Amino acid sequence: MQPSFLSNLNGVQLQAVENTDGPVMVLAGAGSGKTRVLTFRVAYLIHKGVDPHNILALTFTNKAAKEMKERIYQLIGDSKAHSVWMGTFHSVFARILKMESEKLNYPHDFSIYDTDDSKSVLKSVVRDFNFDEKVYNTGHLLNRISSAKMNLIDPEAYKADPEIQSQDRLAKKPLIWQIYQEYWNRCKRSAAMDFDDLLFNINLLLHKYPEILEKYQNRFKYVLVDEYQDTNFAQYLIMKKLAAQHQNICVVGDDAQSIYAFRGANIQNILNFSKDYPGAQVFKLEQNYRSTKRIVEAANSVILNNQSQLHKTVWTENDGGEPISLLKASNETDEALLVANSVFHSKMTYHLKNSDFAILYRTNAQSRALEDALRKMNIAYRVYGGMSFYKRKEVKDLLAYFRLVVNSADNEAFFRVVNYPVRGIGNTTINKLSVLASEREWPVWKIVSEIDSIQTGFNSGTIKRLKDFKELILHYQQQLNIVDAYDLAQKIAAGSGLIKALFEDRSPEGITRYENIESVLNGIRTFQDEFIAENEGKMPTMSDFLQMVSLFSNMDESDDDDDRLSLMTVHSAKGLEFPYVFITGLEENLFPSSMSMSSRAEIEEERRLFYVAITRAMSKLTLSYADTRYRWGDLNFCTPSRFLEEIDSSLLDIPRKFSQNKGFQRSLPLKSKSESPSTNYNHYNKKEVQAPVFSHPFSDEDVANAADLATGQKVEHARFGEGVICFIEGSGQNRKATVDFKGVGRKQLVLKFARLKIVIPD
DNA sequence: CTCCTCCCTTTTTTT
DNA sequence: AAGGGAGGAG
């Protein structure tokens, strides 16, 4: 018999839920009830008698997993809902790696390095190798290494891969393989895995040990993946392996919402699903339940400009709704005030809550002006993302103590706290320790703990201080299995001197830092209570807490009950919805980002990002842009985003007449005054006037033919000015040049779009 | 060894 | 605009 909760689904949704066996792909347009399908599917499986332990559901954030569990519980009222394996790829597989750690030669309590830890290791490698830190900057190195790992390329393979090697040589960074190798060794020596290692090692485990693969294939009889369009190769392969036996895999996604290619997500995963799983059933959810007609149409009109996409028609039965508003501001402060004013106005007119509003932006740095304006208007807000709580210095310091106690091999943790609070162990000592450890290929901790039997050359005072530190850590290690995580954390915070050091700083920042330490301790207590409730009374260890914290994403922070407006990046907003949405900073070089303008694929990803932003809105969407904006401390002139033109003008609000008084100003015709002289941005006249075109300052005959350009050629670019071509790669449409611009630096340009002019020397 | 000052980079998005 | 790192003085 069909359970009654299924009556809440439409026809396609129901099919997607009821076809539980065999491969299923659900292509879900924005707001079409994708989470609903996933939730109901899991509930239905349990209802049918599938053991929750046999279900694996991977979501994009821990928070989404948690919410899904709660909804399943509401649907079927079965506390077994908690036993479903549900979480992010990283958190679920970290848990499994912990159980199987000895197979891969890691201790049970290995550390997980976050991006900062990884960069810090890389920096020390580059220094120890005496490489130029400008050439081998950590950000780029981590990108290279990260994308290698997510394609399952270890240092050996990296070194042996001719294509990778030629890329690195072209980028004038031919020695990355050495750095990768050493980074790899150091992480291993520290018994640490970075984010990518978690996926790499799971693949290794499932590949190397057929019996383990079989074990998990049998455990996870039903697997579900949310946001499948954002999975990378490593994740794709894990799912493929796990599902190979029973084929009960259900993936849900939307190619139009793929926004993580920059992080290695491979859109082919979703495009090739039917090939990977012959006989897969495909369900398309095209009815949007979230947004008004105007919003849906605006989103559709924007995404139509992308060439590569699966065919899908998103439609809605909802009302037409209000027109989309456009706010034009003179600068970012002004923009923030206009937005805050508009929020205030709507709130008063329609009696709305703060939590009905979200303000979205492309980069975290944009939040500041908005925060100021909201404070002025007395609107309570909450900033998601940006500096996550667990990334703050004082918090990381405390966590480093925890890590060192749990895994004393963790060098990053060691160096972080060995002299904080200050205990007379300075740079000279630390460098020496580091050298001694490298020579022996030991963790630094081992040097310190065996200091009596090693010829170190330290004076007796230094040795005494190191021994005191050793005793401090050992003391807590002995208590690991005796007291609970919360008690231990409290003891460490006090005994390490951290609390005292922070307490003595009575500046406002110092007080905040002190309070943050308190919050961490409270956080452990909360974690402990929840863990006990979910694990039939089992106590969590300090290591459990650390694992949770390391894989905590900025979206996972729990919402309190306060009524607050949300401020977040568009990326963070994925999967969420709000009645009133503002998308701010719609300017060229910001949205789309200046970093993503060199190829069609990048622009298309930015456009999908804009699509995601639009489709967050339920009843009212407001867009805004500014004429000028501060960036890196200096003033920039901005042109409105090309995406604004892609919205059908009939959906936009007709602005009121020019009025400079009061704060509630609508969009005004833009006088072309920025460096792009022909920019004529004039939405409401569109019906009479031809759609404006962003014309280019260089006329067609001035622009060099891509084939005529060669290395060493002096060229001119409309935005970057004069420069010299360093090298050229690719051919035809994909021909790219790297150009060294005077005062701007190196840029990689796709010649088809760059419109370079040859500079003739006089 | 520690503290202070000055200079330099950073900002695209995140598990 | 701001925080972190390097380098110098005490």
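A quick note: this is a predicted structure, and the numbers were derived from the prediction, not measured. Note that these values count all heavy atoms, side chains included, but never hydrogens, waters or copies made by symmetry.
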>> At 4.0 Å (heavy atoms only), tell me whether A:V422 reaches a base, stays on the sugar-phosphate, or touches nothing.
In response: sugar-phosphate

> Does the side chain of A:N269 come under 3.5 Å of the side chain of A:T231 through a donor N or O and an acceptor N or O?
Replying inline: yes

> Starting at CD of A:E371 and ending at C1' of C:dA1, how long is that distance when rounded to a whole Å?
Replying inline: 14 Å

>> Rounded to whole Å, please give me the gap between CD in A:E133 and P in B:dC8.
In response: 15 Å

> Which whole-number value in Å describes the distance from A:R629 CZ to C:dA1 P?
Replying inline: 15 Å

> Can we call the ring centroids of A:Y260 and A:F60 under 6.0 Å apart?
Replying inline: yes

> Side-chain contact, heavy-atom cut-off 4.5 Å: A:F414 with A:S190?
Replying inline: no

>> Quick check on the 6.0 Å ring-centre criterion: do A:H571 and A:F262 meet it?
In response: yes

>> Please check: side-chain N/O of A:T615 versus main-chain N/O of A:Y611, any donor-acceptor pairing under 3.5 Å?
In response: yes

> At under 4.0 Å, does any side-chain N or O of A:N427 touch on OP1 or OP2 of C:dA6?
Replying inline: no

> Could you run down nucleotides 9-15 of chain B 5' to 3' and tag each one B, S or - for protein heavy-atom contact under 4.0 Å?
Replying inline: S-BBBBB

>> Looking at A:R423, I want to see if its CZ is surrounded by more than 12 non-hydrogen atoms of other residues, nucleotides or ligands under 6.0 Å.
In response: yes

> At under 4.0 Å, does any side-chain N or O of A:R127 touch on OP1 or OP2 of C:dA6?
Replying inline: yes

> Separation of A:R392 atom CZ from C:dG4 atom P, in whole Å?
Replying inline: 13 Å

